[in-house]
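Below: the structure, in structure tokens.
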Amino acid sequence: MREFALSKNKLIESKFKELEDFIDSLENKKAELIIVLHKAQEIFGYLPREVQQFVAKKLDIHTSKVYGVVSFYSFFTMTPQGEYPISICMGTACYVRDSEKVLDEFKRLLGITIGEVTDDGKFSINVLRCVGACGLAPVVMIGEKVYGRVTPEKVSKILKEYE
Amino acid sequence: MINITIDGKKISVEEGSTILEASHKVGIDIPTLCHLDLHDIKMVNKCASCRICVVEVEGRRNLAPACATPVHDNMIVKTNTLRVLNARKTVLELMLSDHPKDCLICPKSGNCELQDLAERFGIREVHYYDGEKSTYIKDYSTSIIRDMDKCVMCRRCETMCNSVQTVGALSGVNRGFNAVVSPAFEEKLENSVCTHCGQCVAVCPVGALTEKENIWSVVDALVNKNKVVVVQTAPAVRAALGEEFGLEAGSLVTGKMVAALRRLGFDYVFDTDFAADLTIMEEGAELLDRLERYIEGDESVKLPMLTSCCPGWVNFLESQFPDLLDIPSSAKSPQQMFGSIAKSYFAQKLFIPREKMVVVSVMPCLAKKFEASREEFKVKGNPDVDISISTRELAHLIKIANIDFNDLEEEDFDKPLGESTGAAVIFGATGGVIEAATRTVYELFTGKKLEKIDFEELRGIEGIRCASIKINDMDINIGIASGLGNARKLLEEIRSGNPRNLHAIEIMACPGGCIGGGGQPYHHGNIEILKKRADAIYTEDKNKPIRKSHENPYIKEIYQKFLWEPLSEKSHHLLHTSYSPKQKV
Amino acid sequence: MNKVRSIDDLKNIKNEVRSKNAKGDLTIIKVAMATCSIAAGAKNIMDSLINEIDKHNLENVIVIKTGCMGYCYAEPTVEVSINGKEDVVFGYVDEDSARNIVQNYIKNGEEIEGVISNKDSKQMKIVLRNCGSIDPENIDEYIAVDGYEALGKALFRMGDDGVIDEIKKSGLRGRGGGGFPTGLKWEYARKNKADQKYVICNADEGDPGAFMDRSILEGDPHSIVEAMAICGYAIGASEGKVYIRAEYPLAIKRLQKAIKDAREYGLLGKDIMGSGFDFDIDIKYGAGAFVCGEETALIHSIEGERGEPTTKPPFPAESGLWGKPTNVNNVETFANIPAILLNGGDWFNKIGTERSKGTKVFALAGKINNVGLIEVPMGTTLREVIFDIGGGIVNNKRFKAVQTGGPSGGCLTEIDLDTPIDFENLIQRGSMMGSGGMIVMDEEDCMPSVAKFYLEFIEDESCGKCTPCRIGTKRLYEILEKVTTGRAAMEDLDQLRVLSDVIKDTALCGLGQTAPNPILSTLSTFWDEYEDHVKYGKCTAGKCNALLKYRIIKSKCVGCTLCSRVCPTSAIVGRPKQAHVIEQTKCIKCGACMDKCKFYAIKKD
Ligand SMILES: Cc1cc2nc3c(=O)[nH]c(=O)nc-3n(C[C@H](O)[C@H](O)[C@H](O)COP(=O)(O)O)c2cc1C
Ligand code: SF4
Ligand code: SF4
Ligand code: SF4
Ligand code: SF4
Ligand code: SF4
Ligand code: SF4
Ligand code: SF4
Ligand code: SF4
Ligand code: FES
Ligand code: FES
Ligand code: FES
């Protein structure tokens, strides 16, 4: 995994504080690792090393375990995402409806590939396996917003929404 | 009891047994790889991940892993049908398809469980070998090499490091084909909380985890005419070295070992045991001092005092219990005491500068390699101990040099740093250090002669033991932990106010103490071997004419002529150290 | 709100809500508001409808949001019930047609276009009984349709034995894929004594292409809450966990609300309905790992560990969450429970086939016209599902296969169309029920590629614990990669079979044990296609790029240069007005030229 480090400043400190408060509110801390990581990723946008070490310390578990869990679940990431993370569904329903071509179009227009972020930090591309909106295949998610029946032709129009 | 049939043989076994255990009872050998059951030290690896041990169970759709499938009444098991054999062979081929065929230059060759399996199955060709391989950067620490290309994901190391040692340096990371065992962030082992105890190396079935070998550095030193090469051998080595030459576990080979070392060309063959006696003098004095002050009501006294002769344990303390750094004894380990004395006292005797001397140590231990490299133990960049090799490496050296070990006549260590007592020998087994210390402290404290020298209550392989010893009117409460998981329990007890009111605690990082060290000949899952080694150590103690450290004449001499007295300024300078917290992942 | 302290309290609420809703001649407009409906724009439609109603000052018209109605292909969908008229569903609703519905259909009473369905006769809704008809965020509406009555019945009239007997009698089998009899599972969990037991609802729904669990949770979350409480009562557990994938934010939100409301009503928590029985539920989140649908992996994930399965036995019913007896059931399984208790096990047992009782929800996706969720009695044939309910294949192409059971399943073809669908029949035909995803494929789908797609999925989702799956699925994938790029030999196909069989036989968990199914199934039904790829380097379906060749038919080319201008690799050469040619070494087979040529002069074969 490629890693990014956090630079320390006030904003970051308040983020750590928010995470700490969240952890302190939990009852059975050790068992809540996954939920804590969800929270941490929500706060920081990704899970850099410092955050994982912080979580390990607060939950009183080994850092290696935290990393073992982070690296197991595809939802967790150690690299910052774009401001608008784009996820293209590669589930079966979307795949048979040519989601690969949609993915290629995103790649082409943004000049990045899976797991990368555009230079201006705006977009990142990832694939995921089914968001359960298979009825609208192929499906693309940008942030929390779901786009259905996407065709390569529609891609540039979708991206315009975020300009 | 449960009645089952294996390959047509009927047997009854206890409820909860696995098919593997049942099959052993009827002498059926099912191949295994990931499985490891060291019940005496509470290390059981039952992840059932390798699938080499699969067998057919009547009524079951797929094959069952014998190592992790409990028996049930009237179970019918077949262990050698064509279906089973084909499955095992294919699984093995799969494993080999993602494995470098490096046997020729692999440190595990000859001791490798995967190599054995490949040989047993007669694998001559690996299908799928043109597929992708897992490749990782080789990770060298001062003591351990991780070559994860060879990892078969048996997870033994992880179980050992996390469940037994509770160090938590290792975890399974990533998933699928990319899954591997690694420190956090795929950091180097050296930057992790790893204590270098080497227990993971001791259980790794393949060449993925091996010691950082220093054999050829030793050879380089030996052939260098300008160097005086001094060797020291730790107590546990002599109780295990013989195994590498086909001798029964527990054979004592002290004399042959000395002879072999001379044949190898070492200029002086000394004994770490001498330094162990020295350790007792220093640690004992420190304990006495703390006890006396405690009795006098000095509140600032730190008790219990912890022993400090195990570097694995010291590493553990520095990275995981930084708040307790002021309770261990400040005495260096015997290895380092020896190096320090050799390069001062003995070098002066020889009228040579310390730089001209090379101190080699033969240790049951991998943490000693790391310890030898610590900055604290160098004088102007020159280390007190130059090269540390393991028992296994010594055996290897002897073989390389074509020495017929079993045929050697027994010889004695050189003087003066080769003379030692029974007290020093038992350093090699858990409880030994504290027993040795007790012998000395008792006599120095009471001024009376100790009648019963053997403290049976301090011996055994149980992970945590406690005993009370009466010294004058005082009950000295002693705690013993071997294995870092047990150490953690005792340390947490101390943090929470020392409820058992312990005064002294001996801690050894390796389960069973140094006899089970990470550098000892591989036990391949046979834990009985550790017990036999311990017995050998206590036999050696019994046979020694002198069994108390303070009675060692050369120890007396070194205090008279060089150190003056335990805890003197010179002793402090040469024989004591300090600890600092280590930030690791 | 006063707590529900007895069955009578519950009945009072029910009657109150019912009479409130039955007031006068109310016209009810229901807008489907599931994740996908919202993605298709349902929120705007809802606003338009409300605006239009306000504009016309229609007093007796109300708009409510519901879960999915099942017509996913036609989202956004709106159902209108007018007193005295049959309920109708409008599909593909946009802002114009929304206005049209209010003004012309409701206000003026005209018949208008856009109706996609009246109630479907071949379907039978038990699990989806409330999906698309009640507001999932309103507990009163659930109570109005007999909600929580089954729980009351269990607590006060049936006893724990009674509940388990009834479930056993019903013949209900788990809908999470394994098809294990639910009553037996509960009985087993009840027999294991412990100070603490757990009920887990498996809402991980990892099968790509399946979305029934999401739909149930979004459309009828209280049915799951109620069923879990019933299960807790039957097996003697006081804690429930719902393990839900993080990709389902709306389902999570609605479930959270349902749990909160049920607690407020005294239908969860301490002393439920005054019965003395305590039960509460909390939600645990997945984090993107398919294998966590496997029950032991799921349990480890809840415990905050890597989602690696452990070998069974011991089963969760003996030693599950935190080592305690644990009962794991799928969302759809649970959704059946209240209906069974209310209508009786015998009622349920009469539906379906010999060994598969009740109904099954299927998610139709792929090249089928009416993509969506359907529920049919077990024993319905594939033909009925795909052609009668599903409306046949998109663009009238030829039906080739339907993949059932997701990555663990297999492909059924033409010859299986009249097979009644149930657990046994599907397995016998080399596939399986799985969670109920049905991906329909047409003649343009290449079967080795489909198999490769699944293996890529599996390889990516394997936890990596055991050898056969960690390395074996990689090797399977590699061989399929060779097949689809024309680098394979016939021996590779043998290897594919041998390896598949061994992986099935030796893998540690269900993921690995079923991973080779898509291969074995396509190998046996589409052997010719494999042979074509390997022996003749041909992909009949035209999917495998590496085996394709784009060519310009000289006689048809007019030299318009369009193609050479779009070609990303400048592989097309030719002077204007003269026939062009493709330099094969440069062509990356993107197909752009073919799409552009207006003269059908470019061919791929
Ligand atoms: C790889 C794998 C994935 C699974 N995924 C799911 C799933 O997403 N949802 C589910 O309910 N069951 C899933 N299962 C089945 C569960 O292990 C378990 O059998 C099921 O939840 C039991 O509930 P049931 O008896 O109600 O079917 C999966 C099994 C395997 C082996
Ligand atoms: S680990 Fe074993 S099989 Fe692998 S190269 Fe080394 S000796 Fe050979
Ligand atoms: S065993 Fe074979 S491969 Fe290995 S060294 Fe000998 S000849 Fe070479
Ligand atoms: S040497 Fe000891 S501490 Fe280090 S990884 Fe191995 S078992 Fe863990
Ligand atoms: S490193 Fe060795 S012990 Fe650890 S998992 Fe790999 S093969 Fe097993
Ligand atoms: S117990 Fe002995 S062998 Fe083990 S780390 Fe400590 S000193 Fe080394
Ligand atoms: S079969 Fe696959 S998913 Fe299951 S335990 Fe083995 S590696 Fe993990
Ligand atoms: S687009 Fe068609 S007609 Fe035009 S040059 Fe290309 S092949 Fe010829
Ligand atoms: S298929 Fe693509 S690369 Fe090939 S000739 Fe046509 S446009 Fe160019
Ligand atoms: S497969 Fe894409 S949303 Fe389900
Ligand atoms: S030895 Fe049984 S699975 Fe590895
Ligand atoms: S509309 Fe989305 S599930 Fe039906």
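Letters go in sequence order (proteins before strands), and every chain restarts at 1. A quick note: this is a predicted structure, and the numbers were derived from the prediction, not measured.
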With respect to chain B, which residue among C/Gln495, C/Lys312, C/Gln513 yields the maximal number of heavy-atom pairs within a distance under 4.5 Å? C/Gln495
Does the side chain of C/Arg475 reach to within under 4.5 Å of the side chain of B/Glu93, using non-hydrogen atoms? no
B/His127/C/Leu499 under side-chain contact (heavy atoms from CB on, under 4.5 Å): CA gap, chis, key distance, verdict: CA-CA 10 Å; B/His127 295 100; C/Leu499 201 48; over 6 Å; no
What do you reckon, is CZ of C/Arg487 surrounded by more than 12 foreign heavy atoms closer than 6.0 Å? yes
Give a yes or no answer on whether the side chain of B/Arg175 reaches the backbone of C/Gly464 with a donor-acceptor pair at less than 3.5 Å. no
Side chain, backbone, both or neither: which part of C/Thr311 has a heavy atom under 4.5 Å from chain B? side chain
State, with a plain yes or no, whether a side-chain heavy atom of B/Cys50 is found less than 4.5 Å away from one of C/Cys466. no
If you count the non-hydrogen atoms of other residues, nucleotides and ligands that lie under 6.0 Å from CD1 in B/Ile137, is the total more than 12? no
Between C/Ala289 and chain B, with a heavy-atom cut-off of 4.5 Å, which part of the residue counts as in contact: side chain, backbone, both or neither? both
What is the distance from atom NZ of C/Lys474 to atom CZ of B/Phe177, rounded to the nearest 0.5 Å? 5.5 Å
In Å and rounded to the nearest 0.5 Å, what is the OG1 to CG distance from C/Thr506 to B/Leu63? 7.0 Å
Check whether any side-chain heavy atom of B/Asn178 sits under 4.5 Å from a side-chain heavy atom of C/Arg470, and report yes or no. no
So CG of B/Asn86 and CG of C/Asp501: to nearest 0.5 Å the spacing works out to 8.5 Å
Nearest heavy-atom approach of C/Ile471 to B/Leu94 is CG2-O, 3.4 Å
Top contributor to chain B contacts, counting heavy-atom pairs under 4.5 Å, from C/Asp460, C/Thr310, C/Ile503: C/Asp460
Can you tell which part of B/Val152 gets under 4.5 Å to a heavy atom of chain C, answering side chain, backbone, both or neither? backbone
Pairwise side-chain contact, C/Thr467 with B/Ser49, heavy-atom cut-off 4.5 Å (strictly under): no
Is it the case that atom CD in C/Glu354 sees more than 12 heavy atoms from other parts of the structure closer than 6.0 Å? no
Counting only heavy atoms closer than 4.5 Å, note whether B/Val54 contacts chain C via side chain, backbone, both or neither. side chain
Between chain C and each of B/Arg88, B/Arg83, B/Arg61, count heavy-atom pairs under 4.5 Å; write down the option with the most. B/Arg83
Count the heavy atoms of every other residue, nucleotide or ligand shown that sit under 6.0 Å from CD of B/Glu492, and state whether that count exceeds 12. yes
Would you mind checking which part of B/Cys154 comes under 4.5 Å of any heavy atom in chain C, side chain (CB onward), backbone (N, CA, C, O), both or neither? neither
dist C/Glu481:CD -> B/Glu132:CD (nearest 0.5 Å) comes out at 11.0 Å
Please give me the minimum heavy-atom distance between B/Ala48 and C/Leu508, naming the atom from each residue. O-CD1, 3.2 Å
Engaged part of C/Glu478 at the chain B interface, taking heavy atoms whose separation is under 4.5 Å: side chain
The reported gap from CZ in C/Arg306 to OG in B/Ser171 (rounded to nearest 0.5 angstrom) is 5.5 Å
Salt-bridge contact C/Lys482-B/Asp130 (side-chain N to carboxylate O under 4.0 Å): yes
Around atom CD of C/Glu424, are there more than 12 heavy atoms of other residues, nucleotides or ligands at under 6.0 Å? yes
Answer with side chain, backbone, both or neither: which region of C/Glu461 has an atom nearer than 4.5 Å to a non-hydrogen atom of chain B? both
